[in-house]
Amino acid sequence: AGRASPSFVFLGASSNVGLFKNCYGDANSFFRSESFRDLGGYTTDRHVGYEDWEFYSKAALGGFNLQTVPRAMYFYRFTSGSMQKTTSYRQSRKRALRAYTG
């Protein structure tokens with residue numbers, strides 16, 4: 001049997017939990033384009049991940065209504081070339097914290 005993929009349960013707009021763990025969701029999302037523009041969109045740092053976590057943190061802290069679908073809608077495959085494997089965890093984590101630190 002193959003190696004099991006990680007499993008994630010997203011809670012939605014819990015900004016307290018979001019400080020420590022991405023509880024909001026991943027890069028597969030739907031949102032109103034007006035809200036996306038109001039929040040400034042994704043930041044464009046290169047070779048760093050967690051742009052989705054940073055964006056959702058800004059939304060939660062800004063009082064936007066975030067909701068999650070409580071079941072898997074797709075399966076994500078991690079490969080050796082995936083962003084999760086090729087970017088610096090430390091730098092990505094710093095990016096995710098920017099919404100909290102200003």
Side-chain angles (χ1 to χ4, degrees):
R3 199 170 103 199
S5 294
S7 178
F8 303 98
V9 176
F10 297 114
L11 305 173
S14 176
S15 58
N16 291 332
V17 174
L19 178 61
F20 302 100
K21 183 80 176 157
N22 181 3
C23 61
Y24 306 113
D26 60 22
N28 295 283
S29 59
F30 295 100
F31 35 80
R32 296 180 190 277
S33 58
E34 180 180 350
S35 298
F36 187 78
R37 285 190 299 275
D38 288 348
L39 288 163
Y42 290 125
T43 56
T44 57
D45 306 46
R46 298 195 36 87
H47 311 294
V48 182
Y50 295 166
E51 65 281 354
D52 50 346
W53 187 356
E54 178 188 24
F55 179 78
Y56 303 139
S57 295
K58 284 193 300 187
L61 292 166
F64 285 76
N65 180 14
L66 279 73
Q67 298 181 10
T68 60
V69 176
R71 66 178 179 272
M73 303 294 287
Y74 73 97
F75 294 97
Y76 183 84
R77 182 177 46 155
F78 290 95
T79 65
S80 60
S82 296
M83 278 182 62
Q84 292 281 337
K85 304 287 185 184
T86 60
T87 57
S88 164
Y89 173 78
R90 184 171 187 261
Q91 293 302 315
S92 295
R93 191 67 182 95
K94 284 173 63 175
R95 178 189 209 170
L97 289 173
R98 284 194 294 215
Y100 292 90
T101 61

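Source: prediction; values computed, not measured.
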Test of ring centre spacing under 6.0 Å for Tyr24 and Phe55
no

Nearest 0.5 Å, please: how far is CG in Leu19 from OG in Ser57?
8.5 Å

Any donor-acceptor pair under 3.5 Å from Ser92 side chain to Gly49 backbone:
yes

Contact check, side chains of Trp53 and Arg93, non-hydrogen atoms, under 4.5 Å:
yes

So, do Lys85 and Thr79 sit near enough that their side-chain heavy atoms are less than 4.5 Å apart?
no

Could you check if a side-chain atom of Asp52 sits within less than 4.5 angstrom of a side-chain atom of Asp26, using non-hydrogen atoms only?
yes

Quick one: does Leu39's side chain get under 4.5 Å of Arg37's, heavy atoms only?
no

Would you say Tyr50 and Asn22 make side-chain contact, with heavy atoms under 4.5 Å?
no

Can you tell me if Arg95 uses its side chain to pair, donor with acceptor, with the backbone of Val48 under 3.5 Å?
yes

Would you say that Arg98 contacts Asp45 through its side chain, given a criterion of any heavy-atom pair below 4.5 Å between the two side chains?
yes

When rounded to the nearest 0.5 angstrom, what distance separates NZ in Lys94 from OG1 in Thr101?
10.0 Å

For the residue pair Phe64 and Tyr56, is the inter-centroid distance of their aromatic rings smaller than 6.0 Å?
no

